[in-house]
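Here the structure is laid out as structure tokens; the discussion comes afterwards.
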Amino acid sequence: MSAGMIEHRGIVQRIEDGRAIVVMETSGCSACGHGSSCGIGKIAAGRPATVLTLPASPGIAAGDMVCVALPESRLSLSALLGYLFPAFAMLFGAWLGAALDGSDGATALGAIVGFVAALIIARVAVGLLPGLMPAPQLLPLRATPQVSQQEFHHEH
């Protein structure tokens, strides 16, 4: 695995219209050092598999073992935009509502307006700057799969 990348292994189930349907195990990825203690891995652990639809890279065919890679910096930026920015905007809105009116209702309304405004701003920013959204890369692996394709078989 390369430095600065979050990587998961998967198997290409099929190729449709230039897009690869990739089935991945849902356990923790261990890319960040948290391994099995990762909260996302624990939440996903009850699911049999995660199915992703990604642009197919040249030379990839159904049954191939692949690596789905995402730069950590892109994921961190997305987390800041999706989690931290709305939280701070909500706190700022609550402070502004309390400063302008002083009532609990104004504080709550300010928090709601701040949160919704942050979501709208983030949505517009992603629309204007598509580079803000993380784009996973599909990389072929030459090693033979240790897990059979039947174990990853998952229909929608």
Inset, instruction - Under the side chain to side chain contact (heavy atoms under 4.5 Å, CB included) rule, what do Leu119 and Phe85 come out as? Steps first, then yes or no, please. - result: CA-CA 9 Å; Leu119 294 179; Phe85 179 56; over 6 Å; no
Name each donor-acceptor pair under 3.5 Å that joins a side chain in residues 103-113 to protein atoms two or more places apart or in another chain, with its distance.
from	atom 1	to	atom 2	distance (Å)
Ser103	OG	Asp101	OD1	2.8
Ser103	OG	Ala106	N	3.2
Thr107	OG1	Ser103	O	3.0

Legend entry - Beyond-backbone contact of Val51 with Ile21, side-chain heavy atoms, under 4.5 angstrom: yes
Legend entry - Partners meeting ring pair (Phe, Tyr, Trp, His ring centres under 6.0 Å) with Phe92 (sequence neighbours left out): Trp95
Inset, instruction - Report yes or no: do Leu129 and Val126 belong to one cluster of Ile/Leu/Val/Met/Phe/Trp/Tyr joined by side chain heavy-atom distances under 4.5 Å? - result: yes
Inset, instruction - May I ask you to test the Val22-Ile11 pair for a side-chain heavy-atom distance under 4.5 Å? - result: no
Inset, instruction - To the nearest 0.5 Å, tell me how far Phe88 CZ sits from Leu80 CG. - result: 9.5 Å
Legend entry - Nearest atoms (heavy-atom pairs only) where Ala89 meets Gly114: CB-O, 3.3 Å
Legend entry - Linked, directly or transitively: Leu96 and Met90 (ILVMFWY side chains, under 4.5 Å): no
Inset, instruction - Return the set of residues passing side chain to side chain contact (heavy atoms under 4.5 Å, CB included) with Ala56 (not counting sequence neighbours), or none when no residue passes. - result: Ile15, Ala20
Legend entry - Atom pair CZ/CG of Arg123 and Leu128 - distance to nearest 0.5 Å: 12.0 Å
Legend entry - Interatomic distance, Gln13 atom CD to Asp64 atom CG [nearest 0.5 angstrom]: 13.5 Å
